[in-house]
Amino acid sequence: MTNFDELTPKQIVAELDKYIVGQHQAKRAVAIAIRNRIRRQKLPEKWQKEVLPKNILMIGPTGVGKTEIARRLAQLSGSPFLKVEATRFTEIGYVGKNVESMIRDLVEISVNMVKKEMMEQVREKAEAMVEERILDALVPESRKPQPLGLMGLFGMQQQPQQSVEERRLIRQKREEMRQKLRSGELENEMIEIEIEKEATPFMGIVGSGELEDLGIDLSNMLGSLLPKTKQKKRLTVAEARKVLLPIEAEKLLDLDKVVQEALDRAQNRGIIFIDELDKIAVKSSGSGPDVSRQGVQRDLLPIVEGTTIMTKYGPVRTDYILFIGSGAFHMSRPSDLMPELQGRFPIRVELSPLSQKDFVRILTEPENAITKQYQALLAVEGIELIFTQDGVEEIARIAYDLNQRLENIGARRLYTVVEKVLEDIAFEAPDVSEKSIVVDAKYVKEKIGAIAADEDLSSYIL
Ligand SMILES: Nc1ncnc2c1ncn2[C@@H]1O[C@H](COP(=O)(O)OP(=O)(O)OP(=O)(O)O)[C@@H](O)[C@H]1O
């Protein structure tokens, strides 16, 4: 992939077009916002302080691509991404999740992301270490008697004293085993391995969430003090490989470097998607839930303005994190938000409801389109799944119609409809003799026409 920082807004939109149908205005807005963030980071310090971060407010009904645009953008830019619901938070000082926890969650996501990448970089080395550990289990080299392994099978007995000759034999056996291991002959062989487990006995007793909200990480503090326990496990070679790989890879990581990179990435590239912002946008009536929603807005303000939050990995500045607020704003308006908060979400984009034509495109065009997903799944069984144009149109028509009659859940409706249309095929696939199955309008009607027509039934099934 080209370096994301060099992609122009136009190129970013073109990338997003591969996955999301329509919603051009929203794609443009996020592309500009990301580009501006990169521009702002390159400014002299004096200017960096003057240029305010420009967060986005996405306004539109449910299931039309708001989250999907943000998520794809994050993927494209290698950004840690977090989706939260504004309604889940309570004011700081009250029981519940407070707003600052979103920054800690973002950092956690960032740490996992960086860890995964770095583990991938040391994969080859880790695989070699795993091979040694499996060989240790298959052909123990030490004098410690090993009850399991394939020693017995190969007629080898362990003696209290190993002669030079015996050691040579063991080495030879080990190399023979290595070859067999590499050729995949031993994948189902049972072996016993020892796995180190960190002891964290206090978790679950103490409410770790609340402590973490204070930036205190008990499990980390205790984890390093408590002895590591070892657990023996009997597994097949194939299973052992899966279990041991992350353990060995993690041993090769420089954890300080992981944390440094993760903090940097969360601070400079992080994207936080705050859904249901409309639900906390209320002009205060001066009592009850309204006051609490206003409290959440007040807590949110410094975070989107730029502040420092303590996390268990260290302090995190929120200045460059991109916040994308989202909501339908049916019952409230963006102007119902606190004025200061309105000012922090200056880029407003409206996403349009999806038409029946959009549904046809969503079913077929994106790189990960639902029809393509099913085709790939059935190809595994050697079956070619063919959707005719009228088949796709019929699915779109039914989904669109259901949205009008029941509740409008946008493109999400397509998933349930397609799932039901293909249920029988998915079930019978392994047993059918024909190698290609055609899904046309007739087939779609046959499968779900009756359900779709029955209001009561479809509200449960589709
Ligand atoms: N315009 C679109 N193009 C392609 N797929 C779409 C589009 N809109 C929605 N989808 C698909 O529908 C699903 C739901 O969309 P998404 O999560 O973006 O909803 P949303 O607009 O964020 O709604 P909510 O506010 O309820 O979360 C996703 O799986 C997404 O892939």
Side-chain angles (χ1 to χ4, degrees), residues 12-31 33 55-76 79 81-89 102 271-281 322-334 337 345 347-377 387 392-393 395-396 398-400 402-404 406-422 462:
I12 296 173
V13 170
E15 282 298 318
L16 293 173
D17 279 341
K18 291 183 187 164
Y19 299 96
I20 299 127
V21 168
Q23 313 299 14
H24 190 71
Q25 205 205 346
K27 290 175 189 163
R28 239 176 94 100
V30 293
N55 296 307
I56 302 170
L57 198 56
M58 287 191 183
I59 302 161
T62 185
V64 298
K66 300 188 292 298
T67 314
E68 196 61 21
I69 289 174
R71 201 187 294 280
R72 287 288 166 191
L73 180 78
Q75 232 172 45
L76 196 62
S79 304
F81 175 81
L82 173 72
K83 178 182 181 177
V84 294
E85 273 147 32
T87 43
R88 288 280 174 87
F89 296 113
M102 68 168 81
I271 300 178
I272 298 186
F273 186 89
I274 309 174
D275 208 0
E276 299 190 345
L277 201 63
D278 53 338
K279 306 256 170 66
I280 62 160
L322 176 67
F323 294 90
I324 303 179
S326 160
F329 288 94
H330 284 149
M331 313 292 279
S332 58
R333 284 171 301 170
L337 288 165
F345 289 92
I347 307 173
R348 307 281 164 85
V349 283
E350 267 189 69
L351 284 91
S352 1
L354 299 167
S355 68
Q356 196 171 316
K357 276 209 180 94
D358 290 332
F359 276 7
V360 172
R361 293 183 58 199
I362 291 172
L363 281 167
T364 50
E365 285 179 21
E367 289 196 358
N368 63 334
I370 314 171
T371 52
K372 292 180 186 166
Q373 291 182 25
Y374 276 98
Q375 281 168 334
L377 277 177
F387 290 90
V392 172
E393 279 167 11
I395 293 172
I398 290 175
Y400 188 81
L402 286 166
N403 269 353
Q404 305 307 309
L406 306 170
E407 191 194 351
N408 194 344
I409 55 169
R412 289 200 181 94
R413 184 74 68 187
L414 293 171
Y415 288 95
T416 47
V417 171
V418 173
E419 183 66 38
K420 196 70 199 162
V421 169
L422 299 181
L462 296 172

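Just follow the structure's listing: the first ligand is 1, and inside any ligand the first atom is 1. Just so you know, residue 1 is the first one in the sequence shown, and it goes up from there.
Looking at ligand 1, you won't find any N or O of Pro366 less than 3.5 Å from one of its N or O atoms. When only interatomic distances are considered, the shortest N/O to N/O separation between Arg412 and ligand 1 falls below 3.5 Å. Taking any N or O of Gln23, backbone or side chain, none lies under 3.5 Å from an N or O belonging to ligand 1.
Counted within 6.0 Å of CZ on Arg348, heavy atoms from surrounding residues, nucleotides or ligands total more than 12; the atom is thus considered enclosed. No more than 12 heavy-atom neighbours from other residues, nucleotides or ligands sit within 6.0 angstrom of CD on Glu350.
With a 4.0 Å cut-off on non-hydrogen atoms, Asp275 touches ligand 1 through its side chain and not its backbone. Within the 4.0 Å heavy-atom criterion, the part of Lys83 lying near ligand 1 is the side chain and not the backbone. Contacts between Ile362 and ligand 1 below 4.0 angstrom, taking non-hydrogen atoms only, involve the side chain exclusively.
Inter-residue side-chain proximity for Phe345 and Ile56 is flagged as unmet; no heavy-atom pair is nearer than 4.5 Å. Side-chain contact between Ile274 and Met102 is present, with heavy atoms from C-beta onward closer than 4.5 Å.
Set against the non-hydrogen atoms of Tyr415, the atoms of ligand 1 under 4.0 Å away are 29 (O), 31 (O). In summary, the atoms of ligand 1 found under 4.0 Å from a heavy atom of Thr67, numbered by their order in the structure, are 17 (O), 18 (O), 20 (P), 22 (O), 27 (O). Remark: ligand 1 atoms within the under-4.0 Å shell around heavy atoms of Ile20 are 1 (N), 2 (C), 3 (N), 4 (C). Using a 4.0 Å cut-off to heavy atoms of Thr62, the atoms of ligand 1 that qualify are 23 (O), 24 (P), 26 (O). The atoms of ligand 1 that sit less than 4.0 Å from any heavy atom of Tyr19 are 4 (C).
Side chain to side chain, Asp278 and Ser332 fail the donor-acceptor criterion of an N or O pair below 3.5 Å.
Of all protein heavy atoms, the one lying nearest to atom 11 (C) of ligand 1 is Ala411 CB, 3.8 Å. Nearest protein neighbour of atom 28 (C) of ligand 1, counting heavy atoms only, is Glu68 OE1, 3.9 Å. Looking only at protein heavy atoms, the nearest one to atom 8 (N) of ligand 1 is Val64 C, 2.9 Å. Nearest protein neighbour of atom 1 (N) of ligand 1, counting heavy atoms only, is Val21 O, 2.8 Å.
Ring orientation note: the planes of Phe81 and Phe273 are tilted relative to one another, at an angle of 30° to 60°.
The side-chain hydrogen bond (donor to acceptor under 3.5 Å, both in side chains) search around Lys372 returns none, not counting sequence neighbours. Remark: Lys357 pairs with Ser355 by the side-chain contact (heavy atoms from CB on, under 4.5 Å) rule, at least two apart or across chains.
Cation-pi geometry between Arg72 and Tyr19 is met: the NZ or CZ atom falls under 6.0 Å from the ring centre, inside 45° of the normal.
Heavy-atom separations between Gly63 and ligand 1 include at least one value shorter than 4.0 Å.
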Working note: Arg413 + Leu406, criterion side chain to side chain contact (heavy atoms under 4.5 Å, CB included); need CA distance, chi angles, decisive distance, verdict.
CA-CA 10 Å; Arg413 184 74 68 187; Leu406 306 170; 3.8 Å; yes
